[in-house]
Amino acid sequence: MIRDTETLDALLAQVARFVRETLIPREAEVAETDRIPPEIVAAMREMGLFGLSIPESYGGLGLTMEEEVRVAFELGRTSPAFRSLIGTNNGIGSQGIVMDGTPAQRSRYLPRLASGEIVGSFALTEPDSGSDAASLKTSARRDARGWLLNGTKRYITNAPHAGLFTVFARTDPASKGASGVSAFLVEPDAPGLRLGTRDRKMGQRGAHSSDVIFEDCHVPADALLGEREGQGFKTAMKVLDRGRLHISAVCVGVAERLIADALAFAMDRKQFGQAIAEFQLIQAMLADSRTEAFAGRSMVLESARKKDLGENVATDAACCKLFCSEMVGRVADRAVQILSLIHI
């Protein structure tokens with residue numbers, strides 16, 4: 001469902017050049033400082049990367065799902081920290097508002113998300129629950145001025161920088177399933193909201209996450225997403241279809257970068273009078289990796305096209321995320337084996 005091939009090709013070329021000339025040369029700096037330089041964030045804003053999937057009427061690029069995953073293929077070729085900063089704005093941080101927000105909520109938040117003025121954050125996961133609606137413990141109860149939120153969210157991407165949280169909380173304590181969950185749009189200065197310490201992760205330095213803690217956190221009545229109770233988990237599941245396809249595409253991009261780096265090394269590294277790329281075992285590892293990356297790319301593109309046609313891709317999106325996330329792990333393992341041959 002690509003609308004304008006010429007324009008899309010120009011965008012992809014611009015993103016690929018940005019990745020190659022600006023992001024890749026700064027990867028080591030980001031890993032060492034645990035920080036994305038402000039000038040890179042500014043360049044991302046200028047290119048419109050914070051608003052890839054947000055409708056043009058709200059200042060975004062309004063990409064279709066297929067167009068978005070093609071951009072994600074390119075962004076996957078560099079450190080995941082760069083994409084992590086913009087990813088929530090384009091997926092789970094904005095699409096709930098796009099799909100189910102009121103006109104006032106869309107007008108208030110979507111232009112700011114699209115421009116990168118604010119960074120979105122999606123607060124669903126808890127210490128004891130993820131996508132299990134029955135285990136969600138964060139609560140929201142009405143008071144005279146709106147709602148009071150209580151609970152803790154865990155591993156929340158972009159929380160230390162967020163200008164807007166989409167928070168999922170149980171508004172009907174009598175309902176233990178999905179129907180008792182609602183979504184709220186919460187700004188970081190809401191009284192009673194505080195952040196935990198930044199998580200220390202193995203890898204992905206520069207991509208920050210932390211707990212988000214609500215202690216009688218007051219939000220106004222119009223913070224309820226769509227101003228409808230009991231719809232929060234349905235919104236989350238719809239949003240996650242798009243997010244799963246996006247992250248699957250990123251995994252493909254990472255795999256393709258790993259393959260390119262491993263192949264370049266194997267062509268250059270010589271042992272026993274020839275490049276190690278001439279050895280059958282090295283060729284087999286590269287061939288297996290290329291085959292799996294191609295399969296992942298094909299799965300993602302097919303599912304994205306089906307989504308653009310209006311088909312239900314919930315299962316297909318989950319399949320893509322399962323395959324592509326495991327695939328990139330296998331590709332990384334083979335790449336490490338090849339690159340470690342510098343010591344033989």
Side-chain angles (χ1 to χ4, degrees), residues 1-16 18-19 47-58 60-78 80 83-84 86-100 110 113-114 122 131 234-257 259-260 289-328 330-331:
M1 297 293 291
I2 292 173
R3 298 161 301 169
D4 182 345
T5 302
E6 184 176 347
T7 301
L8 177 62
D9 287 345
L11 173 63
L12 293 176
Q14 182 186 24
V15 173
F18 181 60
V19 167
M47 291 175 64
L49 296 182
F50 282 90
L52 294 172
S53 65
I54 295 174
E56 293 178 87
S57 56
Y58 294 103
L61 298 184
L63 300 188
T64 67
M65 190 74 252
E66 182 180 355
E67 292 166 344
E68 182 182 337
V69 298
R70 287 182 180 273
V71 172
F73 289 149
E74 300 299 330
L75 292 172
R77 292 176 176 268
T78 185
R83 186 224 60 90
S84 183
I86 66 172
T88 306
N89 277 32
N90 287 300
I92 53 183
S94 67
Q95 289 304 304
I97 305 172
V98 172
M99 295 174 182
D100 293 332
L110 290 178
L113 288 165
F122 187 79
S131 56
K234 293 179 182 178
T235 297
M237 293 302 102
K238 289 188 293 184
V239 166
L240 287 171
D241 285 347
R242 190 176 192 113
R244 286 168 178 151
L245 290 175
H246 180 100
I247 202 67
S248 299
V250 171
C251 290
V252 171
V254 172
E256 292 176 346
R257 164 75 183 280
I259 294 165
S289 294
R290 181 67 184 85
T291 300
E292 289 196 82
F294 175 62
R297 176 180 274 263
S298 299
M299 288 176 67
V300 172
L301 286 172
E302 173 67 14
S303 299
R305 289 166 183 154
K306 289 171 66 175
K307 182 170 177 57
D308 285 336
L309 290 170
E311 298 182 30
N312 184 337
V313 296
T315 300
D316 290 350
C319 290
C320 287
K321 187 178 179 186
L322 171 63
F323 178 81
C324 292
S325 61
E326 293 193 344
M327 174 273 292
V328 73
R330 292 189 293 270
V331 172

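The chain is numbered in sequence order, starting from 1. From a predicted model like this one, the values you see are computed outputs, not experimental measurements.
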Side-chain contact, heavy-atom cut-off 4.5 Å: Leu11 with Leu63?
-> yes

Across all chains, not counting sequence neighbours, the ring-ring contact (aromatic ring centres under 6.0 Å, His included) partners of Phe122 are Phe168

Between Gly93 and Leu113, the two heavy atoms sitting closest are O-CD1, 4.0 Å

Value for CG (Asn89) from CD (Gln95), rounded to nearest 0.5 Å, stands at 10.5 Å

Taken in chain and number order and not counting sequence neighbours, the residues that satisfy side chain to side chain donor-acceptor pair (under 3.5 Å) with Thr291 are none

Contacts of Glu74 meeting side chain to side chain donor-acceptor pair (under 3.5 Å) (sequence neighbours excluded), chain-then-number -> none

Would you call Phe73 and Leu301 a side-chain contact if the rule is heavy atoms closer than 4.5 Å? yes

**Prompt:** Do Lys306 and Glu302 meet the salt-bridge criterion of a basic N to acidic O distance under 4.0 Å?
**Reply:** no

Interatomic distance, CE@Met327 vs OG@Ser289, rounded to 0.5 Å, equals 9.0 Å

Going by heavy atoms in the side chains, are Glu66 and Leu309 under 4.5 Å from each other? no

| Run the side-chain contact (heavy atoms from CB on, under 4.5 Å) check on Ile247 and Arg83 step by step: do they pass? | CA-CA 10 Å; Ile247 202 67; Arg83 186 224 60 90; 3.8 Å; yes

Taken to the nearest 0.5 Å, the spacing of Leu52 CG from Arg70 CZ works out to 14.5 Å

Side-chain atoms of residues 248-256: list all donor-acceptor pairs with protein atoms under 3.5 Å, sequence neighbours left out, distances to 0.1 Å.
{"unit_1": "Ser248", "atom_1": "OG", "unit_2": "Arg244", "atom_2": "O", "d": "2.6"}
{"unit_1": "Ser248", "atom_1": "OG", "unit_2": "Cys320", "atom_2": "O", "d": "3.4"}
{"unit_1": "Ser248", "atom_1": "OG", "unit_2": "Lys321", "atom_2": "N", "d": "3.1"}
{"unit_1": "Glu256", "atom_1": "OE1", "unit_2": "Arg77", "atom_2": "NH2", "d": "2.9"}
{"unit_1": "Glu256", "atom_1": "OE1", "unit_2": "Arg297", "atom_2": "NH2", "d": "3.1"}
{"unit_1": "Glu256", "atom_1": "OE2", "unit_2": "Arg297", "atom_2": "NE", "d": "2.9"}
{"unit_1": "Glu256", "atom_1": "OE2", "unit_2": "Arg297", "atom_2": "NH2", "d": "3.3"}

Taken to the nearest 0.5 Å, the spacing of Leu75 CG from Asn90 CG works out to 9.0 Å

Do side-chain atoms of Ser325 reach the backbone of Leu322 as a donor and acceptor pair under 3.5 angstrom? yes

Fill in: side-chain contact (heavy atoms from CB on, under 4.5 Å) between Glu68 and Leu61, worked out
CA-CA 10 Å; Glu68 182 182 337; Leu61 298 184; over 6 Å; no

By salt bridge (Lys or Arg N to Asp or Glu O under 4.0 Å), Lys234 pairs with (sequence neighbours left out) none

Note: Gly96 and Val239 closest approach over all heavy atoms is N-CG2, 3.4 Å

By side chain to side chain contact (heavy atoms under 4.5 Å, CB included), Ala318 pairs with (sequence neighbours left out) none

On a heavy-atom basis, the closest approach of Pro55 and Val98 is CD-CG2, 3.9 Å

Rounded to the nearest 0.5 Å, the CG atom of Asp241 sits from the CG atom of Asn312 at a distance of 6.5 Å

d(Ile54 CD1, Leu110 CG) to nearest 0.5 Å is 5.5 Å

Taking the side chain as C-beta and beyond, is there a heavy-atom pair between Leu49 and Val15 under 4.5 Å?
yes

Nearest heavy-atom contact between Glu292 and Phe323 is O-CE2, 3.6 Å

